[in-house]
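Single-structure report; data block below.
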Amino acid sequence: APKAIIAPSILSADFGNLGAECSKTMDQGADWLHVDIMDGHFVPNITFGAPVVAKIRPHVDAPTASFGRGTFDCHMMIAEPKRWVNEFKAAGCNLYCFHYEAAFSTAAETPSAASELRTSPRELVRYVHDQGLLAGVAIKPATPADVLYELLDSADPKERPDMVLVMTVEPGFGGQKFMASELPKVQALRARYPDINIEVDGGLGPGTIDQAADAGANVIVAGSAVFGAKDPSEVIARLREAVDG
Ligand code: DX5
Ligand code: ZN
């Protein structure tokens, strides 16, 4: 399985001091930053948009390679994910991870844009790649892992996601309880795809990382466990150790 990538979620950072929080977390050993974008439609919460991402980008050195240190892993918990790809790219996003469930539909309140925004997960992976970003596809707890197989099996690399994200809480809020019930999805994906990046997000920390790592996850998001820790470096090291052994 691929090596550990630790991606602290800045959802749990001090939003009044975000640039400094981001650079501090990188200094504490983070590989990526996980950037949670919520629109109040796809999930019942609102965070921030591309202008804020653009303001934090200069506080973290941009990655010099695909999947490299400093990758902004943007978790798009939004309706109409196709609509925002270019804006987030311009803001400094490197990996655009949209929700499978959101990719088919358009928001009813923007009928004029509907036809060009209606898409499918497969077309959207291609579109994200065509814009020069890495593409991730996330699934909520209610969505089975096998919906991702047709994408991951695609003969066309443009249509293959670079990462899949298996949510281990209902998306929308930090600090929720880890759902071990989601781990069979990670296991099934890892068995079928030994080399892909599998991210887990929600409720991860020193108490839950071993089960997630055993199931085969290698990209580890942690919000409250990192930002709420006395010693975040130690938590980041512990998460890495659980995956890399
Ligand atoms: C939840 C977000 C997560 C969140 C995780 O919808 O996608 O990234 O920040 O927070 P913790 O690690 O506290 O569960
Ligand atoms: Zn997230």
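For the single chain, residues carry numbers from 1 onward in sequence order. Computed from a predicted structure; not experimentally measured. Each ligand, and each atom within it, is numbered from 1 in the order the structure gives.
Comment: Arg192 engages Asp153 in a salt bridge, judged by a side-chain N to carboxylate O separation of less than 4.0 angstrom. Note on Lys158 versus Asp130: salt bridge recorded, some NZ/NE/NH1/NH2 to OD/OE distance being below 4.0 Å. Looking at Lys24 and Glu21, a side-chain N of the basic residue comes within less than 4.0 Å of a carboxylate O on the acidic one, giving a salt bridge. Salt bridge status for Glu182 with Lys185: present, with a side-chain N to carboxylate O gap under 4.0 Å.
For the Zn ion (ligand 2), the nearest N, O or S atom contributed by Asp201 is named OD2. When the Zn ion (ligand 2) is compared with the N/O/S atoms of Asp36, atom OD1 turns out nearest. The closest approach of His75 to the Zn ion (ligand 2), by N/O/S atoms, is made by ND1.
Protein residues with a heavy atom closer than 4.0 Å to ligand 1 are Ser9, Leu11, His34, Asp36, Met38, His75, Met77, Met167, Pro171, Gly172, Phe173, Gly174, Gly175, Asp201, Gly202, Gly203, Val221, Ala222, Gly223, Ser224, listed by chain and number.
The shortest heavy-atom contact between Leu134 and Ser66 is CD2-OG, 4.0 Å. Between Cys93 and Leu95, the shortest heavy-atom contact is SG-O, 3.4 Å.
Chaining together hydrophobic side chains whose heavy atoms lie under 4.5 Å apart places Met167 alongside Leu165, Val169.
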